[in-house]
Amino acid sequence: MGSGIAHVFALKGFEVTLVEAKKELADKALAVIAKNLDRQVAKGAVTAADKDAALSRIKPALSPKEAPGFQFAVEAVSERMELKTSVFRELDAAAAPGAILATNTSSLSVTEIAASVKDPSRVIGMHFMNPVPVMKLVEIIRGLQTSDETYQVTRELSLKLGKTPAAAKDFPGFISNRVLMPMINEAIYCLMEGVSTKEDIDTVMKLGMAHPMGPLQLADYIGLDVCLAVMEVLHQGF
Ligand code: CAA
């Protein structure tokens, strides 16, 4: 999701530092962004000049230290609390005073992530949906100590990115995954119990409920590892 988030920020005119753990991953992310921008150029949604300008605004890096004094960060590492908090400590050390540190977590506690930095009032959940350049939603999650200013800036920034913000409290899975993942899990149960084939389960939800993808296809699209991580957060949290 990180490449999609960088894509959208750069296209809307923000200078982006894309931090990856390895150079190969940063190169891969840039290639994915270029490919998705090409797709938008081919559709006439973006001009070739806008594409070039967006790509020129993205600087690959291996540490937040390469963007000292940044004002806004969106973390999008895997759904493991200890990894999130270690990244947040690194972000905290490199940020400008008053910078906002957002997490794209799909279900983990924003309050718990915020406890890893000096000033938890500057931490917020900014949850994008895949594919980020296409999906209009940003779910915004306030931790217990998130300030009104942090919330307002993040909300306004979402609007500047062309997204529609929706607010959620810091409950496990927020709104999106609290509703989505149990549905996906039931589709998996339908398959496991032999209710139907994977094709027909997806067809029921596509044609019967007008979902763009069936739940089993969507589970593969999101990644089964992410689906499992979210279900475990829901199981423990509830
Ligand atoms: N970057 C840029 N543009 C993209 C893109 C990408 N990665 N992927 C698709 N597009 C564009 C296409 O160019 C196309 O544009 P136009 O409308 O201008 O023609 C449009 O999106 C539709 O794409 P396609 O025609 O290729 O394919 P499609 O009509 O089958 O749609 C889809 C593909 C948008 C992925 C659609 O199937 C869909 O909406 N699926 C459901 C996605 C969903 O539910 N996402 C949420 C997952 S949950 C999550 O992300 C959060 C979490 O915490 C787990």
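For ligands, and for the atoms within them, numbers begin at 1 and follow the listed sequence.
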| said: Is atom 48 (S) of ligand 1 touching the protein, meaning some protein heavy atom lies under 4.0 Å away? | reply: yes

| said: Are any of the N/O atoms on N130, whether in the backbone or the side chain, positioned under 3.5 angstrom from an N/O atom of ligand 1? | reply: yes

| query | Starting from atom 54 (C) of ligand 1, which protein heavy atom do you reach first, and at what distance in Å? | reply | I222 CG2, 3.6 Å

| request: State whether a side-chain donor-acceptor pair under 3.5 Å links N177 with S107. | output: no

| message | Check this for me, if you would: do K22 and E24 make a salt bridge, where the nitrogen-to-carboxylate-oxygen distance has to be below 4.0 angstrom? | response | no

| message | As a test of the contact definition, would atom 28 (P) of ligand 1 count as having a protein heavy-atom neighbour under 4.0 Å? | response | no

| message | Determine whether any protein heavy atom is located less than 4.0 Å from atom 31 (O) of ligand 1. | response | no

| Pair Q40, H7: side-chain N/O donor-acceptor within cut-off below 3.5 Å | yes

| query | How close does the nearest protein non-hydrogen atom get to atom 18 (O) of ligand 1, and which residue and atom is it? | reply | K43 CD, 3.8 Å

| query | How close does the nearest protein non-hydrogen atom get to atom 3 (N) of ligand 1, and which residue and atom is it? | reply | V134 CG2, 3.4 Å

| said: Which label fits F9 and F72: parallel for a plane angle under 30°, tilted from 30 to 60°, or perpendicular past 60°? | reply: tilted

| task | Determine, for K198 against D220, whether the closest basic-nitrogen to carboxylate-oxygen distance falls under 4.0 angstrom. | result | no

| task | Look only at interatomic distance and state if Y221 has a nitrogen or oxygen under 3.5 Å from any nitrogen or oxygen of ligand 1. | result | no

| request: For atom 42 (C) of ligand 1, decide whether some protein heavy-atom distance is shorter than 4.0 Å. | output: yes

| Does D119 use its side chain to pair, donor to acceptor, with the backbone of G98 at less than 3.5 Å? | no

| Between E75 and T103: side-chain donor-acceptor atoms closer than 3.5 Å | yes

| Among protein heavy atoms, which sits nearest to atom 44 (O) of ligand 1, and what does the distance come to when rounded to 0.1 Å? | L218 CD1, 3.5 Å

| said: Please list the nearest protein heavy atom to atom 39 (O) of ligand 1 with its residue and the distance rounded to 0.1 Å. | reply: P212 CG, 3.6 Å

| field | Main-chain N/O of R89 paired to S116 side chain as donor or acceptor, under 3.5 Å | value | no

| remark: Looking only at protein heavy atoms, what sits closest to atom 12 (C) of ligand 1 is R39 CD, 3.7 Å

| Which of the ligand 1 atoms, numbered from 1, are nearer than 4.0 Å to a heavy atom of P133 | 1 (N), 2 (C)

| request: Evaluate the 4.0 Å heavy atom contact test for atom 24 (P) of ligand 1: does a protein atom fall under the cut-off? | output: no

| query | Is it true that E149 and R122 have a side-chain N and a carboxylate O under 4.0 angstrom from each other? | reply | no

| said: Under 4.0 Å from a heavy atom of N177: which atoms of ligand 1 are those, numbered in the order shown and with their elements? | reply: 52 (C), 53 (O), 54 (C)

| query | How does L180 reach ligand 1, by side chain, by backbone, by both or by neither, if only non-hydrogen atoms under 4.0 Å count? | reply | side chain

| query | How does M135 reach ligand 1, by side chain, by backbone, by both or by neither, if only non-hydrogen atoms under 4.0 Å count? | reply | side chain

| Residues K51, D38: salt bridge by 4.0 Å N-O rule | yes

| task | Report the part of H211 (side chain from C-beta onward, or backbone N, CA, C, O) that has a heavy atom under 4.0 Å from ligand 1; answer both or neither where that applies. | result | neither

| H127 heavy atom under 4.0 Å from ligand 1 | yes

